Structure formats: C-alpha cells, structure tokens
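Quick notes on the structure that follows.
The structure displayed is predicted, hence computed values, not measured ones.
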Amino acid sequence: QVQLVESGGGLVQAGGSLRLSCAASGSTFSINAMGWYRQAPGKQRELVATISSGGTTNYADSVKGRFTISRDNAKNTVSLQMNSLKPEDTAVYYCKVVRQGLYPGVTYDNWGQGTQVTVSS
C-alpha cells in the first residue's frame, strides 16, 4: 500500500508561481510512473504532467513551457513547479503514482487527496 501526501497548494495572482509536492510512503519500491492531474469545477479530470521512472516527461499542451515536473527517487517525492499561472489553471490538483503488480502488464494506481490551486485575475 502507498500513501500520498500533497502540499503547496494555495491562492496566487495571475502570473505568479506555486510549487506542489507529493511524498509517497509505504510500498514505494514498486512505484513506476508518477504524475499530476487536475480537475476544475464542472469539468473532467485531466492529465497535467507525468514522469517515468527513467525521467522521461510528458505535459499537457496547455501547460507546456510553464510547468515542470520532477522527481526524487531517493526521497520518493514528485514535484510540480508552476510558473506564469493563469486563472484557467484553477483546479484541484491530484498526485498519482503507478505501481507495478506481481505480473508483467499488471499495474495499480494510487491517488492523493488533492490540493486546491486558485489563480485570481
């Protein structure tokens, strides 16, 4: 079992910056990919950024060039640096980890509780 604890959310003006952090504990030896998702009121949850165990990153087009995802495998953490924030970035941000199961092709997802990010205009 993996527990995820998120921090860093809050209120910021447009053009400002925030850094989100997610710390994993428990069965961290099985963690493969890590990532951040977000969900705005009345909208579906969407991918923001992911990072593989080898450090390969992927970003949504809407955040590319503004957000940076990183991980520290020694500390079992994943972070999201958010710069040049816009009001449309306002959402609940969720940390996600993908755990490798016992057999090839079998994986499990774990989610954090979510942290609110509000960008004012």
Side-chain angles (χ1 to χ4, degrees):
Q1 189 175 30
V2 172
Q3 301 294 323
L4 303 177
V5 179
E6 298 157 304
S7 62
L11 175 64
V12 66
Q13 293 185 28
S17 299
L18 284 174
R19 185 177 181 86
L20 306 182
S21 183
C22 175
S25 62
S27 301
T28 57
F29 67 90
S30 64
I31 293 177
N32 188 348
M34 309 180 79
W36 290 93
Y37 292 69
R38 68 186 182 187
Q39 187 168 22
K43 295 186 177 181
Q44 300 179 70
R45 187 174 298 186
E46 64 176 353
L47 182 149
V48 177
T50 60
I51 184 167
S52 72
S53 60
T56 301
T57 59
N58 182 51
Y59 298 92
D61 289 340
S62 60
V63 307
K64 194 169 186 177
R66 299 188 296 122
F67 292 9
T68 302
I69 189 171
S70 61
R71 66 190 291 172
D72 186 332
N73 292 331
K75 297 181 179 180
N76 297 311
T77 60
V78 59
S79 298
L80 184 69
Q81 178 65 46
M82 304 184 294
N83 298 326
S84 301
L85 283 162
K86 305 174 181 179
E88 50 263 45
D89 294 319
T90 296
V92 177
Y93 284 70
Y94 297 90
C95 177
K96 174 189 174 182
V97 302
V98 178
R99 295 182 291 114
Q100 177 64 55
L102 184 61
Y103 302 101
V106 178
T107 59
Y108 303 92
D109 296 342
N110 282 98
W111 296 85
Q113 80 286 350
T115 184
Q116 177 70 47
V117 172
T118 302
V119 184
S120 64
S121 59

Inset, instruction - Begin from the C-alpha positions of T107 and N32 and carry the test side chain to side chain contact (heavy atoms under 4.5 Å, CB included) through to its verdict. - result: CA-CA 9 Å; T107 59; N32 188 348; 5.7 Å; no
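In this structure, CG on L80 lies 11.0 Å from OG1 on T115, to the nearest 0.5 angstrom. Atom OG of S121 is separated from atom CD of Q13 by 9.5 Å, given to the nearest 0.5 angstrom. Atom CG in N76 sits 11.0 Å away from atom OG in S27 (nearest 0.5 Å). C22 contributes atom SG, which lies 5.5 Å from atom CE of M34 (distance to the nearest 0.5 angstrom). Rounding to the nearest 0.5 Å gives a distance of 12.0 Å between CD of Q81 and CD1 of I69. Atom CD1 of I51 sits about 8.0 Å away from atom OG1 of T56, to the nearest 0.5 Å.
The shortest heavy-atom contact between N83 and S17 is OD1-OG, 2.9 Å. The shortest non-hydrogen separation linking L4 to N110 is CD1-O, 3.5 Å. When all heavy atoms of L47 and A60 are compared, the pair lying nearest together is O-CB, 3.4 Å.
Listed by first and then second residue, the ring-ring contact (aromatic ring centres under 6.0 Å, His included) pairs involving residues 18-56 are Y37-W111 (not counting sequence neighbours). Among residues at least two apart or in separate chains, there is no ring-ring contact (aromatic ring centres under 6.0 Å, His included) pair with a member in residues 86-109.
Between D89 and R38 there is a side-chain heavy-atom pair separated by less than 4.5 Å. Looking at heavy atoms from C-beta onward, M82 lies in side-chain contact with V117 at the 4.5 angstrom threshold.
The closest donor-acceptor contact from the side chain of R66 to the backbone of S84 lies under 3.5 Å. With hydrogens and angles disregarded, a donor-acceptor distance shorter than 3.5 Å links the side chain of E6 to the backbone of Q113. When atom types are taken as modelled, the side chain of S79 and the backbone of S21 share no donor-acceptor pair closer than 3.5 angstrom. A donor-acceptor contact shorter than 3.5 Å links the side chain of Q100 to the backbone of V106. Judged by distance alone, the side chain of T90 and the main-chain N or O of V119 form a donor-acceptor pair under 3.5 Å. Between the R71 side chain and the S52 main chain, a donor and an acceptor come within less than 3.5 Å of each other.
Partners of Y59 under the ring-ring contact (aromatic ring centres under 6.0 Å, His included) rule, at least two apart in sequence or in another chain, do not exist in this structure.
The side-chain contact (heavy atoms from CB on, under 4.5 Å) test with I31 singles out one residue from V98, V97, V78, and that residue is V97.
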